[in-house]
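Just so it is clear, the model here is predicted, and its values are computed rather than measured. Residue numbers start from 1 in every chain, and the chains themselves are labelled A, B, ... in the order their sequence lines are given, proteins ahead of strands.
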There are 2 protein chains.
Amino acid sequence: MPMLVRWMGDDPVMTRQDRLGIFIRKLLSHSPLSAEDQREIRDLPYTIRRLEPNEHILREGEKAKVCPVLLQGYAYRQKTSADGGRQIVALKIPGDALDFQSLYVETADHNLQALTPVELAVFAIKDFERLVAPRPNLARAVLVDILIEASIAREWLLNIGRRNALARLAHLLCEIFYRVQQIAQEDVGGFELPLTQEQLADLLGLTPVHINRTIKILENAGAVRRISRRLTIGDMSKLRQFADFSDLYLHRNTVSGI
Amino acid sequence: MPMLVRWMGDDPVMTRQDRLGIFIRKLLSHSPLSAEDQREIRDLPYTIRRLEPNEHILREGEKAKVCPVLLQGYAYRQKTSADGGRQIVALKIPGDALDFQSLYVETADHNLQALTPVELAVFAIKDFERLVAPRPNLARAVLVDILIEASIAREWLLNIGRRNALARLAHLLCEIFYRVQQIAQEDVGGFELPLTQEQLADLLGLTPVHINRTIKILENAGAVRRISRRLTIGDMSKLRQFADFSDLYLHRNTVSGI
DNA sequence: CGGTCTCTTGACCTCTGTCAAGTAGAGTGG
DNA sequence: CCACTCTACTTGACAGAGGTCAAGAGACCG
């Protein structure tokens with residue numbers, strides 16, 4: 001395992017409550033929660049589930065019976081067109097709740113799968129609902145989480161609809177870096193991307209071959225580095241220039257109300 | 001005004017409460033609301049605001065102070081890239097709430113503008129919050145509304161990322177037809193699109209010239225018709241074939257729980 | 001009836017896709 | 001430690017969908 005997961009703690013000393021720390025940190029990054037709110041989350045019963053890359057967490061058309069939160073690894077939402085084209089429509093990183101949607105809507109409209117080996121904390125929907133319903137702060141945190149994911153989807157629409165391959169790739173890398181940085185407890189300066197070029201292609205509406213060519217441009221410009229096959233950020237400011245990146249759409253610590 | 005707005009009622013006999021009917025109908029299309037819930041909405045104070053095409057309802061970076069609902073006309077969410085590329089990231093039709101997001105998040109991450117001449121019902125955020133907070137059914141309806149918009153954004157990602165121009169355009173036309181049909185009280189068989197080719201281009205990540213070429217293909221196939229400049233559906237089943245369209249992602253009448 | 005905004009069309013260009021062959025790591029078994 | 005295999009990456013030649021440019025034609029509007 002590369003350093004990417006170091007700060008996610010495989011530490012056997014961690015208690016069950018500790019393991020949810022990353023989830024709480026994620027929620028706190030956009031919503032204020034009282035110490036009691038946090039404790040209530042930590043005290044919620046859950047089971048740990050581990051999946052291999054590309055295993056399904058939820059399938060299009062299904063009804064979810066549980067509420068999974070990503071503790072380790074990456075996951076993605078994916079849809080396919082009739083002619084087999086695959087599009088990844090969301091990328092989830094450690095700390096992200098994977099399926100708040102199923103708390104409120106009957107059937108899944110996309111496939112939810114593990115991208116890397118993942119570890120999930122799986123709550124029962126009933127438990128989660130009972131927790132959130134009477135606590136406005138938590139209900140709001142869930143809502144804000146949903147809204148931020150929607151905002152990211154809109155930025156992706158702009159990215160895929162209007163930016164060329166180079167800017168598109170740079171933009172995605174910037175976003176991942178910012179998001180990982182946000183939930184990491186330490187600096188993630190040189191973190192390594194666990195994405196294959198095929199996955200990058202499916203994220204960006206491009207082909208693997210063109211991703212390869214585009215990475216090389218970023219690499220030659222020094223914006224990105226590679227150790228063997230692993231992609232690493234070389235020069236963030238260069239990357240941002242390529243990307244036309246602004247983090248406004250990530251809504252970091254910009255909650256209204258309380 | 002073409003038949004498109006006929007069923008939206010400019011009828012002067014309509015009371016203030018009546019005018020909100022289309023909003024309630026939209027909410028009912030995905031969430032059950034008691035008669036009392038509905039009355040509470042109708043009794044909420046609001047002001048009417050009319051805007052011309054492309055006028056801003058909300059600007060990126062701003063904080064909304066009101067909660068607008070679209071009564072007549074179309075509106076859109078839009079983002080631009082550094083090199084001036086414009087992408088429409090959401091299309092709103094009569095009955096749609098335009099900005100539930102601002103109830104929960106500090107700053108707007110996109111521009112919200114009128115596409116045609118529009119009529120808005122504008123609620124005060126405070127009023128709306130006071131209405132929704134103690135009513136779980138209404139809170140849930142707001143949430144489901146937000147989730148369905150997010151689902152549409154994901155389908156658009158697939159559409160723009162993986163479908164060619166022909167399927168892409170056909171898919172958008174199918175979606176608009178289904179959505180308009182859903183809130184219309186009568187059959188909207190031959191309804192006319194109020195979109196220019198440039199707007200279609202900005203919706204689909206294409207150029208106006210290519211939209212023009214693509215419309216002609218659909219027209220020659222009989223999937224679409226044109227009277228002067230106005231686009232009309234010619235043959236829905238053909239259009240669906242071009243589009244690889246399934247309406248699952250619109251989540252029509254598929255709510256979980258109460 | 002001139003002005004303006006769309007739409008239309010053709011010629012040409014280029015970004016990205018396709019195909020195909022080859023290379024390099026990572027893992028496995030001997 | 002060395003084959004062997006599998007998967008991912010790399011590269012080049014070529015193709016094609018969609019973009020760009022530019023000029024002209026239709027609508028619509030005062």
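Here the side chain of B/Thr116 pairs no donor or acceptor atom with the backbone of B/Gly73 at under 3.5 angstrom.
To the nearest 0.5 angstrom, A/Leu158 atom CG is 9.5 Å from B/Gln78 atom CD.
Taking atom CD1 of B/Ile227 as the reference point, atom P of D/dA27 lies 13 Å away to the nearest angstrom. What separates CG of B/Asp83 from P of D/dG19 is a distance of 13 Å, to the nearest Å. Rounded to whole Å, the distance from CZ on A/Arg162 to C1' on D/dT20 is 13 Å.
Comment: B/Lys79 does not engage B/Glu60 in a salt bridge, judged by the lack of any side-chain N to carboxylate O separation of less than 4.0 angstrom.
Legend: residues meeting side-chain hydrogen bond (donor to acceptor under 3.5 Å, both in side chains) with B/Arg168, ordered by chain and number and at least two apart, are absent. With sequence neighbours excluded, no residue forms a ring-ring contact (aromatic ring centres under 6.0 Å, His included) with B/His110. Under the side-chain contact (heavy atoms from CB on, under 4.5 Å) criterion, A/Ala223 pairs with A/Leu218, A/Lys238, A/Leu239, A/Phe242, sequence neighbours left out. Take A/Tyr46 and apply the ring-ring contact (aromatic ring centres under 6.0 Å, His included) test, not counting sequence neighbours, and it matches A/Phe123.
For the helix from C/dC1-D/dG30 to C/dG30-D/dC1, the axis fitted to the five pairs at one end and the axis fitted to the five pairs at the other end meet at an angle of 50° (nearest 10 degrees).
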Scoring nucleotides 1-18 of chain D by protein non-hydrogen atoms under 4.0 Å (B base, S sugar-phosphate only, - none) yields -------BSBB-B----B
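Inter-residue side-chain proximity for A/His251 and B/Gln101 is flagged as met; some heavy-atom pair is nearer than 4.5 Å.
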